[in-house]
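This report concerns only the one structure given below.
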Amino acid sequence: QVQLVESGGGLVQPGGSLRLSCVASGSIFSINAMAWYRQAPGKQREVVVTIMGGGSTNYADSVKGRFTISRDNAKNTVYLQMNSLKPEDTAVYYCRQDIQTRRGGPFYQYWGQGTQVTVSS
């Protein structure tokens, strides 16, 4: 069994910052891609940023220059540093990790439970 636990969401004023964390635990052999998604009320879930096992990243245009993804492979953790937050960043943020549970096995996508980020004055 693999579990992802997110933390770090909350209420912040426009222009403020938050840092999200997502820790994977359980039967983990290897982790490839990690990603953050978000879903605003009444909208579809969208990808915010991905980071591959080698460290390459791909950001949505709406967050470029404001958000930074990073990973700590030793801790099975992915972070999302969010700066210069805007009201339109308000959403539930979800992490995803592509995890291999045994040598030679397939990679499966695992998801966190979501953490609310609200940007409002």
Side-chain angles (χ1 to χ4, degrees):
Q1 291 283 10
V2 173
Q3 185 177 20
L4 270 59
V5 177
E6 302 169 10
S7 61
L11 173 64
V12 64
Q13 292 186 342
S17 298
L18 284 174
R19 188 190 193 211
L20 306 183
S21 300
C22 172
V23 182
S25 62
S27 180
I28 298 170
F29 177 77
S30 178
I31 303 176
N32 189 8
M34 299 178 175
W36 288 96
Y37 290 70
R38 66 186 180 186
Q39 187 167 18
K43 295 187 177 181
Q44 289 188 334
R45 188 175 298 188
E46 62 176 1
V47 60
V48 176
V49 57
T50 59
I51 183 167
M52 302 306 293
S56 61
T57 58
N58 187 24
Y59 290 88
D61 288 342
S62 59
V63 305
K64 282 181 180 177
R66 300 188 298 121
F67 291 10
T68 302
I69 191 172
S70 60
R71 61 190 287 169
D72 185 334
N73 293 326
K75 296 181 178 179
N76 297 331
T77 300
V78 60
Y79 304 97
L80 183 64
Q81 178 66 44
M82 303 185 294
N83 298 329
S84 302
L85 282 161
K86 305 175 181 180
E88 51 263 44
D89 294 318
T90 295
V92 178
Y93 284 70
Y94 299 89
C95 68
R96 190 201 90 215
Q97 297 193 26
D98 298 348
I99 296 173
Q100 186 185 41
T101 58
R102 58 181 175 82
R103 182 188 296 273
F107 284 86
Y108 291 108
Q109 292 185 351
Y110 292 88
W111 292 83
Q113 79 286 359
T115 185
Q116 178 69 47
V117 171
T118 302
V119 185
S120 176
S121 55

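In this structure, Val49 is not a member of the same hydrophobic cluster as Val47, with clusters built from ILVMFWY side-chain heavy atoms closer than 4.5 Å. Under a hydrophobic clustering in which Ile, Leu, Val, Met, Phe, Trp and Tyr are joined whenever their side-chain heavy atoms come within less than 4.5 Å, directly or via other members, Ile31 and Phe107 fall into different clusters. In terms of hydrophobic clustering, with Ile, Leu, Val, Met, Phe, Trp and Tyr side chains grouped at heavy-atom distances under 4.5 Å, Tyr108 and Leu4 are assigned to a common cluster.
A heavy-atom distance below 4.5 Å is not found between the side chains of Leu18 and Val119. Within the 4.5 Å cutoff, the side chain of Tyr93 has heavy atoms near those of the Leu80 side chain. Looking only at side-chain heavy atoms (C-beta outward), Phe29 and Thr101 stay at 4.5 Å or farther from each other.
Side-chain atoms of Gln97 do not come within 3.5 Å of backbone N or O of Tyr110 as any donor-acceptor pair. Side-chain atoms of Tyr59 do not come within 3.5 Å of backbone N or O of Thr50 as any donor-acceptor pair. The backbone N or O of Gly114 sits less than 3.5 Å from a side-chain atom of Glu6, completing a donor-acceptor pair. At least one donor-acceptor pair under 3.5 Å links the side chain of Gln100 to the backbone N or O of Gly105.
Minimum heavy-atom separation, Leu20 to Met82: CG-CE, 3.8 Å. The two residues Arg66 and Leu85 make their nearest non-hydrogen contact at NH1-CA, 3.9 Å. The two atoms that bring Ser121 and Pro14 nearest to each other are N-CD, 3.7 Å, heavy atoms only.
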**Prompt:** Would Ser120 and Leu11 count as a side-chain contact (heavy atoms from CB on, under 4.5 Å) if you check the C-alpha gap in whole Å, the side-chain angles of each, and the deciding distance to 0.1 Å?
**Reply:** CA-CA 7 Å; Ser120 176; Leu11 173 64; 4.2 Å; yes
**From CA spacing to verdict: side-chain hydrogen bond (donor to acceptor under 3.5 Å, both in side chains), Tyr37, Arg96** = CA-CA 8 Å; Tyr37 290 70; Arg96 190 201 90 215; 2.7 Å; yes
**Stepwise side-chain contact (heavy atoms from CB on, under 4.5 Å) check, Ile69 with Val48** = CA-CA 10 Å; Ile69 191 172; Val48 176; over 6 Å; no
**Request:** Tell me, with the steps shown, if Val23 and Lys75 meet side-chain contact (heavy atoms from CB on, under 4.5 Å).
**Result:** CA-CA 7 Å; Val23 182; Lys75 296 181 178 179; over 6 Å; no
**Request:** Kindly determine whether Asp89 and Phe67 satisfy side-chain contact (heavy atoms from CB on, under 4.5 Å), including the steps that lead there.
**Result:** CA-CA 11 Å; Asp89 294 318; Phe67 291 10; 3.9 Å; yes
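From Ser25, atom OG reaches atom CG of Asn76 across 8.5 Å, with rounding to the nearest 0.5 Å. Note that the CD atom of Gln13 and the OG1 atom of Thr118 stand 13.0 Å from one another [nearest 0.5 Å]. Atom CD of residue Gln39 and atom CD of residue Gln116 lie 11.0 Å apart, to the nearest 0.5 angstrom.
No cation-pi contact links Arg38 to Tyr94, judged by a cut-off of 6.0 Å to the six-membered ring centre and 45° from its axis. Taking the ring axis of Trp36 as reference, the NZ or CZ atom of Arg71 does not stay both within 45° of it and closer than 6.0 Å to the ring centre. The cationic group of Arg19 lies under 6.0 Å from the six-membered ring centre of Tyr79 and within 45° of the ring axis, placing it in a cation-pi geometry.
The number of heavy atoms from other shown groups lying within 6.0 Å of CD (Gln1) does not exceed 12.
Asn83 and Ser17 are linked by a side-chain donor-acceptor pair at a separation below 3.5 angstrom, with hydrogens and angles left out of the test. Counting only N and O atoms by type, the side chains of Glu88 and Thr90 include no donor and acceptor under 3.5 Å apart.
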